[in-house]
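Structure first, then comments.
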There are 2 protein chains.
Amino acid sequence: MTRAPATPPARERLLTAAGELFYASGIAATGVDAVLTRAGVSPATMYAHFAGKDALVAAYLGRRHERWRLTWDEVLAERDDPVDRLLSLFDAVARYRSREGNGRGCAFLAAATELPADHPGHPWLEADTRLLGERLRELASAAGLLDPEEAAATLLLLYDGALNRFARAATTPGLPGDDPLARARRLAAAWIGTQLSDPRAG
Amino acid sequence: MTRAPATPPARERLLTAAGELFYASGIAATGVDAVLTRAGVSPATMYAHFAGKDALVAAYLGRRHERWRLTWDEVLAERDDPVDRLLSLFDAVARYRSREGNGRGCAFLAAATELPADHPGHPWLEADTRLLGERLRELASAAGLLDPEEAAATLLLLYDGALNRFARAATTPGLPGDDPLARARRLAAAWIGTQLSDPRAG
DNA sequence: GTCTATAGATAGATAGAC
DNA sequence: GTCTATCTATCTATAGAC
């Protein structure tokens with residue numbers, strides 16, 4: 001076990017700076033130069049670690065996906081009740097937010113608007129969506145919901161809604177209602193209730 | 001009444017081209033040059049009509065806001081039942097989409113990620129959110145819902161969710177469930193039902 | 001109102017030394 | 001692995017003519 005250096009290596013500082021700037025100001029609008037300045041790294045060093053800006057963007061998205069997945073894993077490991085496990089999506093977002101402070105909504109959806117389809121970071125956007133779809137289907141199935149596909153679609157809708165509301169709130173204060181995450185969870189729980197007692201409702 | 005020219009004037013062609021490119025590829029990623037080429041307009045002409053790219057972006061957002069508002073007005077004018085009027089939000093989105101074909105979700109939310117807070121187009125992002133909040137509150141109130149604030153927050157959540165699902169579907173096919181707009185409307189209608197019969201549910 | 005040609009700023013990326 | 005200095009392409013914007 002090696003001792004952690006006082007200053008993280010350049011690659012690490014680059015990813016941290018990229019994560020902050022790309023998320024806060026958008027990917028296209030953030031120049032490589034801004035990332036370098038914030039990281040305190042020289043251009044040559046960056047290009048020694050990453051093939052170019054595109055590769056840095058892809059690494060940023062990959063790291064974000066990984067952290068989100070681990071957070072969700074962590075929350076899932078704490079839940080036993082099948083319905084709680086299905087609703088863990090919203091608890092995981094809350095935990096991720098308290099940790100990483102993503103006050104501007106979903107980084108992957110934002111990136112989806114900015115990146116062309118052939119961008120090297122694009123697979124991570126697909127991975128994010130696939131993870132959500134597959135897990136929600138499995139958890140809905142395990143919770144005994146008759147139509148896991150329908151359940152996954154409903155929870156995904158509420159999840160996307162909550163994240164989008166964060167993005168909205170970041171630009172315009174004074175919106176109706178606060179804590180969209182809690183609201184989305186409540187709505188999801190109520191909907192799941194209707195599915196358990198009467199499979200044809202909803 | 002003047003006759004419409006065979007070729008729209010440069011200003012019009014610029015706004016059309018900007019609308020297509022900014023929406024499809026993102027604002028920051030789209031150069032003025034690309035807009036000029038698509039519009040078939042020279043740089044000098046563009047700068048005669050708009051102070052700069054920022055002003056063009058603001059005009060693009062303003063036009064989009066106006067068209068969306070008019071579409072919603074139009075749908076509202078066709079509805080008499082108070083609950084139908086509240087749900088008209090989703091019908092208006094459907095009509096707007098069939099007309100303008102916004103297959104990538106909400107342009108204002110996408111712009112919110114890209115534009116800095118002091119950008120001249122920013123007021124339009126706020127106008128979009130304010131329009132949604134105020135109208136939904138009024139319509140919920142007129143529909144006799146006891147807590148219009150709560151209703152507006154719920155419908156806004158579902159609206160944002162549906163639009164985000166479109167953005168997601170544009171990058172990753174094969175998601176659970178289709179037609180997020182119809183799903184959002186169904187969920188909204190069901191929720192409104194619980195509010196009318198029992199004000200404390202939900 | 002519209003064009004051609006070009007200036008000026010900034011972005012992404014590289015060379016070569018330590 | 002990391003730096004300073006620089007190159008080149010691109011982008012926004014302007015000058016001056018028709």
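Nothing here was measured: the structure is a model prediction, and the numbers come from that model. Each chain gets a letter, A, B and so on, in the order its sequence line appears, and its residues count up from 1.
- A sub-4.0 Å separation between OP1 or OP2 of dC3(D) and a side-chain N or O of Thr45(A) is present.
- Rounding to the nearest 0.5 Å places CZ of Phe166(A) at 11.0 Å from CG of Asn164(A).
- Using a 4.5 Å heavy-atom threshold, the side chains of Arg135(B) and Arg69(B) count as touching.
- Of the candidates dA13(C), dT2(D), dC3(D), the closest approach to any side-chain atom of Val41(A) belongs to dC3(D).
- The residue among Ser42(B) and Val32(A) whose nearest nucleotide of DNA chain C lies closer to the 5′ end is Ser42(B).
- Few gaps surround CG on Asp81(A); more than 12 heavy atoms of other groups in view lie less than 6.0 Å from it.
- One atom, CD1 of Ile27(B), and another, P of dT12(D), lie 12 Å apart when rounded to the nearest Å.
- Between Tyr47(B) atom OH and dG8(C) atom P there is a gap of 16 Å when expressed in whole angstrom units.
- Taking atom CG of residue Leu36(A) and atom P of nucleotide dA13(C), one finds them 11 Å apart after rounding to whole Å.
- dT10(D) atom C1' lies 16 Å from atom CG of Asp33(A), rounded to whole Å.
- Straight-line distance from the CG atom of Leu56(B) to the C1' atom of dC11(D): 14 Å, rounded to whole Å.
- Counting only heavy atoms from C-beta outward, the side chains of Cys106(B) and Arg168(A) approach each other to under 4.5 Å.
- With distances taken from any side-chain atom of Ala10(B) to the nucleotides dG12(C), dT2(C), dG1(D), the minimum falls on dT2(C).
- Counting only heavy atoms from C-beta on, Ala44(B) has its side chain closest to dA15(D) among dG16(C), dA15(D), dT2(C).
- Between His49(A) atom NE2 and dT2(D) atom C1' the separation is 8 Å, expressed in whole Å.
- Here dA11(C) presents its P atom at 14 Å from CE of Met46(A), a figure rounded to the nearest Å.
- Under the 4.5 Å side-chain criterion, counting only non-hydrogen atoms from C-beta, Glu20(B) is in contact with Thr16(B).
- With rounding to whole Å, Leu14(A) atom CG is found 14 Å from dC3(D) atom C1'.
- Nearest to the side chain of Lys53(A), among dT12(D), dA13(C), dT2(D), sits dA13(C).
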